[in-house]
Amino acid sequence: MVCRYMKLPGNLRAAEGGMPSPDKSPIIMISLAFEPSLKEYKTMVLVSKEVDSEYIEEDVITFSSEDEMLRFFFDLIKKYDPDVIIGYNSNEFDFPYIVERAKILNIDPNIGRDNRFLYVKKIANRTQVSVTGRIVVDMLPLIRRGFSLKQYDLRTVAAQLLNLEKVDIAPKEMEEYWNSDGEKFKKFIDYARRDSELALKLLLDLKILDKYIALSKVSGALLQDILDGGQTGMVENLLLREFKKHNRLIPPKPASKESEERYEHRDELKGGAVIEPKRGLLENVVILDYKSLYPTITISHNLCYTTVVTNDKEIIGIPIKEIIKPPSGGKFVSANIFRGIVPKILEDLLNRRMETKKKMKTATEEEYRILDAIQLALKILLNSIYGYSGYARARLYSLTLANAITSFGRENLLNTQKLIEDEIKNIDGFDLEVVAGDTDSVFIKLSNQNGVSLDKAEIIGKSISEIVTKKLPKPMELEFEATAKRAIFIAKKRYALWKYEKKNDDWIDKIEVKGMETIRRDWCELTSKTLNKVLEIVLKEGSVENAIKHVQEVVNSIRNIEVQKDKDNIIEDLIITRKYTKKADSYKNKQPHITVVEKLKKRGAPLPSIGDRVPYVIIEGNNLLVERAEDPSYVKENKIPLDVDYYIKKQILPPVERILKEFGVEFEVLNYDESQKSIFEFKPHINKNIRKNSKPKKTKKRQKSLFDY
DNA sequence: TATAGGCATTGCGGAGCGATCTT
DNA sequence: AAGATCGCTCCGCAATGCCT
């Protein structure tokens with residue numbers, strides 16, 4: 001495979017601050033990275049001015065003008081003839097920019113394999129880029145889809161995913177760097193080169209394309225379409241092929257009026273069931289999962305667009321036992337009357353996935369990687385088909401079908417719970433209690449006066465799965481997944497486990513957190529760190545006292561932050577990020593990150609675009625919280641004091657308190673202030689009424705700011 | 001030109017109500 | 001003395017980002 005990455009830091013000579021625009025600023029530099037190498041070059045940097053500098057390295061090519069550079073660039077692509085061209089945010093920035101500049105300079109960007117032009121198409125808030133015969137990959141949206149990070153600028157992504165540093169130059173300094181020809185000019189070139197290298201490295205090291213290539217193979221949709229679009233295209237491809245075999249037609253895409261009408265009825269589609277968790281610290285919980293729940297339900301009940309009964313006249317004469325009635329209402333005919341097309345597709349995918357997994361066991365390393373991508377692609381497709389049926393813009397939309405699937409799912413989960421608690425009740429002297437569940441999973445607590453070993457828990461977990469599976473129609477299957485030695489559930493979809501899984505006959509343990517602030521990206525890093533530590537102490541050590549001590553230390557360190565050095569690093573831990581989801585004026589309520597965008601706009605600073613995550617910190621002041629959100633680098637530069645009280649009382653303590661209150665620990669105990677040590681010393685199992693009856697205690701406002709300049 | 005719904009959490013801002021201030 | 005204003009609690013809603 002051949003990949004090429006190109007990048008142009010065109011943000012030079014921008015009018016005054018902000019982003020450069022192609023009608024004013026020329027492209028001054030283009031950096032490239034190649035895989036495999038182009039002759040001996042792994043990278044190349046094209047520069048649109050003649051430079052005579054001892055600092056310039058071999059892979060730098062200089063030109064007398066932008067015109068000359070661009071012509072060379074297009075020719076180079078044709079000569080190198082890559083299959084894949086990649087960039088980072090290149091669909092939104094680099095490619096449209098190049099196309100514009102080429103137009104202005106009257107150069108043909110004829111880099112297609114058939115000599116056609118590089119083509120850019122703006123669609124709503126996205127841009128599609130195509131080059132005939134080549135795949136164009138913008139890494140940014142793929143990284144966004146694949147990894148949950150707080151920010152997605154190349155620097156953060158490279159640091160988090162590759163553990164690599166990126167050379168950085170502030171936009172305002174670029175002019176200066178460009179105009180120098182010494183050390184600084186070299187740094188500028190390094191910066192450009194590094195960008196290309198990193199983007200290519202992301203693609204190769206993280207094997208980003210494997211998954212999409214596998215999806216393309218499995219679904220039959222074009223790779224470029226899969227990269228550009230969502231899952232709809234893939235599902236429709238599968239459906240179209242199979243429907244054609246049966247000589248059936250598929251309706252066209254719904255007109256927007258039609259899909260809007262469907263969308264208005266979206267509350268009629270009900271989803272999965274969630275079992276109210278038993279809160280607090282639990283021991284010896286086995287976790288069982290339904291394998292591909294929705295696909296197996298669809299297969300076993302023959303649910304399909306082609307089996308749904310739309311008019312009772314259709315089933316006159318059909319015996320009642322061949323009519324399937326989902327809990328949600330509606331009727332379907334059994335496979336004996338007509339085998340549904342969707343169930344058939346799903347069964348194929350399921351079988352192929354099993355075969356692929358079987359092959360993986362004996363595969364070489366290289367084969368394994370490909371097979372793994374294929375089984376993952378099969379899984380993605382399996383799970384997409386239900387979602388597609390309830391998607392308002394789908395060609396084949398069916399509320400009846402989607403509701404039938406989820407209603408069987410809900411019924412099944414609740415039946416499972418009943419079966420375990422009311423019929424099985426006890427295995428080998430171990431009492432069973434369902435303590436949580438969500439859609440396709442059940443968490444079962446085992447109790448026995450002599451304790452529960454990991455091996456025993458596994459045996460019991462497996463027996464449960466066997467007993468339950470036996471009662472279900474094929475291919476539905478409840479699987480044993482793991483055991484949690486200890487677990488804390490604080491709400492639906494929010495829990496932490498000390499989980500043990502068997503790998504090569506050894507028990508491997510880890511802490512797994514779901515839904516809590518450790519995971520959520522709209523809390524600051526210090527919250528995650530503190531909560532993680534508390535969870536670890538409570539789950540592994542079982543020591544509430546140590547957890548409290550840790551929280552008190554953190555609180556104290558924030559309260560006394562002015563005496564600490566290295567404030568900039570501390571700020572990093574206090575940054576909160578939120579996604580800028582829509583145009584600023586379509587927000588109905590004020591939002592902290594949106595006030596930051598407005599502040600940046602006023603200052604003429606570079607603005608985040610829709611879809612970006614906006615970082616902010618909360619500064620001191622008496623006005624509304626949302627108005628006190630501020631750009632972290634502005635805070636650093638101007639040494640603005642942060643709102644210590646907010647961080648302690650609204651960021652650090654509430655998430656931690658939600659855990660520790662299960663052990664009778666009150667907020668006041670955690671809101672630790674060294675100067676008031678005697679008042680707030682920890683007393684275990686404090687009466688919960690104390691807080692209600694006692695007046696809120698005023699904390700001393702001795703030191704409120706993080707900074708005291 | 002987003003595969004789906006279920007859920008917890010946060011902070012704003014309006015409604016309701018009584019206390020206090022103003023004219 | 002009557003209306004205006006303030007301050008508080010309660011609650012609905014928008015927004016976000018998670019879970020399966």
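Below, chains carry the letters A, B, ... as their sequence lines are ordered, and counting in each starts from 1. Just so you know, these numbers come straight off a predicted model, no measurement behind them.
As a whole-Å value, the separation of A/Tyr580 OH from C/dA15 P is 13 Å. Residue A/Asn383 contributes atom CG, which lies 16 Å from atom P of C/dC19 at whole-angstrom precision. Here C/dT16 presents its C1' atom at 13 Å from CD1 of A/Ile576, a figure rounded to the nearest Å. One interatomic measurement links the two molecules: CD1 of A/Ile287 to C1' of C/dC19, which rounds to 14 Å at whole-angstrom precision. Whole-Å rounding puts the A/Arg613 CZ to C/dT16 C1' distance at 9 Å. Taking atom CG of residue A/Asp522 and atom P of nucleotide C/dC18, one finds them 7 Å apart after rounding to whole Å. With rounding to whole Å, A/Lys514 atom NZ is found 14 Å from C/dG17 atom C1'. Summarising the geometry, the separation between CG on A/Leu149 and C1' on C/dG17 is reported as 14 Å, rounded to the nearest angstrom.
The distance between the ring centers of A/Tyr388 and A/Tyr397 does not fall below 6.0 angstrom.
Counting non-hydrogen atoms under 4.0 angstrom, A/Arg520 reaches a base of the nucleic acid. Counting any heavy atom pair closer than 4.0 Å across all strands shown, A/Tyr646 reaches sugar-phosphate atoms only and no base atom. At a threshold of 4.0 angstrom between heavy atoms, the contacts of A/Val626 are confined to the sugar-phosphate backbone, with no base atom among them. If you check every strand for non-hydrogen atoms under 4.0 Å, A/Tyr587 touches sugar and phosphate atoms only. When heavy atoms are screened at a 4.0 angstrom cut-off, A/Arg145 is found touching no nucleic acid atom at all. Among the protein residues, A/Gly387 comes within range of the nucleic acid bases, having at least one heavy atom under 4.0 Å from a base atom. Residue contacts for A/Leu624: at a heavy-atom cut-off of 4.0 Å it reaches the sugar-phosphate backbone alone, with no base atom in range. A/Lys582 comes within contact range of the sugar-phosphate backbone alone, with a heavy-atom separation under 4.0 Å but no base atom that close. Using a 4.0 Å heavy-atom distance criterion, A/Pro654 is classed as a sugar-phosphate-only contact.
Boundaries of the chain A contact region on DNA chain B are B/dT1 to B/dG13, first to last in 5' to 3' order (nucleotide atom under 4.0 Å from a heavy atom).
Taking the centre and axis of the six-membered ring of A/Tyr391, the NZ or CZ atom of A/Arg393 falls outside the cone set by 45° and 6.0 Å. Figure legend: A/Lys278 and A/Phe489 shown without cation-pi pairing, the cationic atom not lying both under 6.0 angstrom from the six-membered ring centre and within 45 degrees of its axis.
Between A/Phe408 and A/His301, the ring-plane angle classifies as parallel under the 30° and 60° cut-offs.
Annotation: B/dA2 and C/dG17 have their C1' atoms spaced 16 Å apart (nearest Å).
Donor-acceptor pairing under 3.5 Å is lacking for the side chains of A/Glu627 and A/Thr595. The closest side-chain donor-acceptor pair between A/Tyr294 and A/Thr406, if any, does not fall under 3.5 angstrom. Side-chain contact of A/Gln128 with A/Tyr119: a donor-acceptor pair under 3.5 Å is absent, judged by distance alone. A/Gln151 and A/Arg613 share no side-chain donor-acceptor pair at under 3.5 Å. Between the side chains of A/Arg521 and A/Ser148, at least one donor N or O sits under 3.5 Å from an acceptor N or O.
Near DNA chain C, meaning a heavy atom under 4.0 Å away, there are no residues from residues 390-412 of chain A.
Looking only at side-chain heavy atoms (C-beta outward), A/Glu572 and A/Ile575 come within less than 4.5 Å of each other.
OP1 or OP2 of C/dA15 has not a single side-chain nitrogen or oxygen of A/His593 nearer than 4.0 Å.
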